[in-house]
Amino acid sequence: MELRIFTEPQQGADYTTLLRVARTAEELGFGGFFRSDHYLHMGSVDGLPGPTDAWITLAGLARETSRIRLGTLVTAATFRLPGPLAIQVAQVDQMSGGRVELGLGTGWFAEEHAAYGIPFPDNKFDRFEEQLAVITGLWETALGETFDFTGKYYELRRSPALPKPVQQPVPVIVGGQGPKRTPRLAAQYASEFNIPFLSADESAAQFERVRAAVAAQGRAADSMVYSNALIACVGTSEAEIARRAAAIGREVDELRTNGLAGSPAEVVDKIGRYREIGTERIYLQILDLTDLEHLALIANEVATQL
């Protein structure tokens, strides 16, 4: 079981904070540092000092880390045209020496689109499907050849399909709860399927749908990684757990029910339930980015027991 750190910078974190967390996560042996791709805070926080762009952040981290995997959970397809996004991700992959992963989703947060003048179109899932086809098609096009695509929403003519990423292919992460199209798109385009914030039982049913879609696509069963994203709140005492829950505005009982919360032993036990359904990787949502001791505790008392 691999553990990765997953952050939500739109809630209030500048680049310096993210760099500190990423470097700490790397030093502690976590497998990846991932971030959301949002421009507007959620809930009662003020979001100060304001949003950071996901791919600009990852470009900086690519040059200031050396081992840890870097990526998004998830980039919104509504934020960027697929051609420029393919260029951005390929460049950051080069800058990192081949450590980038692209989580891509439809986009859903209407208010942030309105706040920053980003169109919030209908038929987002259809556009998302075309984006996956374009981005992966550009990366897969052989050097010296060109890429053409004609869809309902995007058209590319004689694209040189450059630059090329270091990784062939760049890992693409698709996720969600949709029972039909989501598994099909994951099987067609993704190397990892992620389910955010669901129980092991709920995740198991969706994983089975994806496994069936992978088989229908003619892929090897082990060619897909199955992962979950879960909020983390770990402490060595009830007081420490309560303090960490209060710092992020959550209740301990709710976190124990819906996330990975409690003592290290409790968290290890709950992770075991996810392992039983086939989860291979967990993204730990860390909301208090000032509490680096929290990361150290998870690395030393949870990760070592998995």
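Positions are given from 1 along the sequence. Quick caveat, the model's predicted, so the values are computed rather than measured.
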>> Please give me the minimum heavy-atom distance between Val234 and Pro264, naming the atom from each residue.
In response: CG1-N, 3.9 Å
>> Looking at every heavy atom in both Ser203 and Tyr274, which two are closest together, and how far apart are they?
In response: OG-CE2, 4.2 Å
> Quick one: hydrophobic cluster around Trp108, which other residues, with the 4.5 Å side-chain cut-off, linked directly or via members?
Replying inline: Leu40, Met42, Phe109
> Partners of Ser36 by side-chain hydrogen bond (donor to acceptor under 3.5 Å, both in side chains), sequence neighbours excluded?
Replying inline: Glu8, Gln10
>> Walk me through whether Leu260 and Ile231 qualify under side chain to side chain contact (heavy atoms under 4.5 Å, CB included).
In response: CA-CA 6 Å; Leu260 295 175; Ile231 189 168; over 6 Å; no
>> When you group the ILVMFWY residues by side-chain heavy-atom contacts below 4.5 Å and let the links chain together, are Val92 and Leu73 in the same group?
In response: no
>> Quick test of your reading of the model: are Asp122 and Arg127 salt-bridged, counting only N-O distances below 4.0 Å?
In response: no
> Rounded to the nearest 0.5 Å, what separation is found between the OH atom of Tyr283 and the OG1 atom of Thr7?
Replying inline: 12.5 Å
>> Tell me whether Leu255 shares a hydrophobic cluster with Ile271, the cluster being built from Ile, Leu, Val, Met, Phe, Trp, Tyr side chains joined at under 4.5 Å.
In response: no
> Got a sec, which hydrophobics cluster with Leu48, joining ILVMFWY side chains under 4.5 Å apart, including via others?
Replying inline: none
> Are the aromatic rings of Phe79 and His113 close, with centres under 6.0 Å apart?
Replying inline: yes
>> Are the side chains of Asp148 and Arg158 in contact, using a 4.5 Å heavy-atom criterion?
In response: yes
> Roughly how far, to the nearest 0.5 Å, is CG of Leu28 from CD1 of Ile5?
Replying inline: 8.5 Å
> Looking at Ser223 and Val214, what are the two nearest heavy atoms and their distance?
Replying inline: OG-CG1, 4.4 Å
>> I need the Thr78 OG1 to Phe128 CZ distance, nearest 0.5 Å.
In response: 11.0 Å
> Would you say Thr72 and Leu104 make side-chain contact, with heavy atoms under 4.5 Å?
Replying inline: no
> For Ile241, which fellow cluster members are found when Ile, Leu, Val, Met, Phe, Trp and Tyr are connected by side-chain heavy-atom distances below 4.5 angstrom, either directly or through intermediates?
Replying inline: Val252
>> Run Arg35 and Leu18 through side chain to side chain contact (heavy atoms under 4.5 Å, CB included) and show every step you take.
In response: CA-CA 9 Å; Arg35 58 158 293 163; Leu18 295 173; 3.8 Å; yes
> Does the pair Glu129/Lys152 count as a salt bridge with the N-to-O cut at 4.0 Å?
Replying inline: no
> Roughly how far apart are Met95 CE and Leu61 CG, rounded to 0.5 Å?
Replying inline: 10.0 Å
> Would you say the side-chain atoms of Gln131 pair up with the backbone N or O of Ala77, donor to acceptor, closer than 3.5 Å?
Replying inline: yes
>> What verdict does the side chain to side chain contact (heavy atoms under 4.5 Å, CB included) test give for Glu64 and Tyr15, after you've listed the backbone C-alpha separation in whole Å, the side-chain angles of each residue and the deciding distance to 0.1 Å?
In response: CA-CA 12 Å; Glu64 298 193 86; Tyr15 176 75; 2.5 Å; yes
> So, Arg250 and Glu254, do they make that salt bridge, N to O below 4.0 Å?
Replying inline: yes
> For the atom pair OH (Tyr189) and CG (Leu102), what is the distance rounded to the nearest 0.5 Å?
Replying inline: 13.5 Å
> Partners of Arg80 by salt bridge (charged side-chain N to carboxylate O under 4.0 Å, His left out), sequence neighbours excluded?
Replying inline: Asp37, Asp53
>> Going by the rule side-chain hydrogen bond (donor to acceptor under 3.5 Å, both in side chains), which residues pair with His41 if we only count those two or more places apart in sequence or in a different chain?
In response: none
> Between Ala22 and Thr65, what is the shortest heavy-atom contact and its length?
Replying inline: CB-CG2, 4.4 Å
>> Less than 4.5 Å apart, side chain to side chain, heavy atoms only: is that true for Ile282 and Arg4?
In response: no
>> Show, in sequence, the C-alpha distance, side-chain angles and deciding distance for Arg275 and Thr279, and conclude whether the side chain to side chain donor-acceptor pair (under 3.5 Å) test is met.
In response: CA-CA 5 Å; Arg275 179 188 284 112; Thr279 300; over 6 Å; no
> Which pairs count as salt bridge (charged side-chain N to carboxylate O under 4.0 Å, His left out) when at least one residue sits in residues 225-240, sequence neighbours excluded?
Replying inline: Glu238-Arg256, Glu240-Arg243, Glu240-Arg244
>> With clusters defined by side-chain heavy atoms of hydrophobic residues (ILVMFWY) lying less than 4.5 Å apart, directly or transitively, does Phe6 cluster with Leu198?
In response: no
> Any side-chain heavy atom of Gln206 sitting closer than 4.5 Å to one from Pro183?
Replying inline: yes
> Does the side chain of Phe125 come within less than 4.5 Å of Arg181's, by heavy atoms?
Replying inline: yes
>> Give me each pair satisfying ring-ring contact (aromatic ring centres under 6.0 Å, His included) with a member in residues 197-231, each pair once, sequence neighbours excluded.
In response: Phe207-Tyr226
N/O donor-acceptor pairs under 3.5 Å from side chains in residues 299-306, not counting sequence neighbours:
unit_1	atom_1	unit_2	atom_2	d
Asn300	ND2	Ala296	O	3.0
Thr304	OG1	Asn300	O	2.7
Gln305	NE2	Glu301	O	2.4

>> Can you confirm whether Val21 sits close enough to Leu295 that some side-chain heavy atom of one is under 4.5 Å from a side-chain heavy atom of the other?
In response: yes
> Under a 4.5 Å cut-off applied to non-hydrogen side-chain atoms, are Thr236 and Ser263 in contact?
Replying inline: no
> Under 6.0 Å between the ring centres of Tyr154 and Phe149?
Replying inline: no
> Any chain of hydrophobic side-chain contacts (each under 4.5 Å) joining Leu292 to Leu284?
Replying inline: yes
> Under 4.0 Å between a Lys/Arg side-chain N and an Asp/Glu carboxylate O for Glu192 and Arg281?
Replying inline: yes
>> Tell me the closest heavy-atom pair linking Ala200 and Arg273, and the distance in Å.
In response: CB-O, 4.1 Å
Contacts table for residues 162-180: side-chain donor-acceptor under 3.5 angstrom, sequence neighbours left out:
unit_1	atom_1	unit_2	atom_2	d
Lys164	NZ	Leu138	O	2.9
Lys164	NZ	Thr141	O	2.5
Lys164	NZ	Ala161	O	2.8
Gln167	OE1	Arg69	NH1	3.3
Gln167	OE1	Arg69	NH2	2.7
Gln167	NE2	Asp93	OD1	2.6
Gln167	NE2	Val100	O	2.8
Gln168	NE2	Pro165	O	3.4

>> Could you check whether Arg23 pairs with Glu26 (Lys NZ or Arg NE/NH1/NH2 to Asp/Glu carboxylate O, under 4.0 Å)?
In response: no
>> Among Thr182, Leu185, Val225, which residue satisfies the side chain to side chain contact (heavy atoms under 4.5 Å, CB included) criterion with Phe193?
In response: Thr182
> Quick one: does Thr24's side chain get under 4.5 Å of Phe30's, heavy atoms only?
Replying inline: no
> For the hydrophobic clusters of this structure (ILVMFWY residues joined by side-chain heavy atoms under 4.5 Å, transitively), does one cluster hold both Tyr39 and Trp55?
Replying inline: no
>> Just verifying a value: how many Å separate Thr52 OG1 and Asp14 CG, rounded to the nearest 0.5 Å?
In response: 8.0 Å
> Between Ile298 and Ala232, what is the shortest heavy-atom contact and its length?
Replying inline: CD1-CB, 4.3 Å
> What residues, two or more places apart in sequence or in another chain, satisfy salt bridge (charged side-chain N to carboxylate O under 4.0 Å, His left out) together with Asp288?
Replying inline: none
Enumerate, atom names and distances included, each donor-acceptor pair closer than 3.5 Å involving a side-chain atom of residues 81-89, sequence neighbours excluded.
none

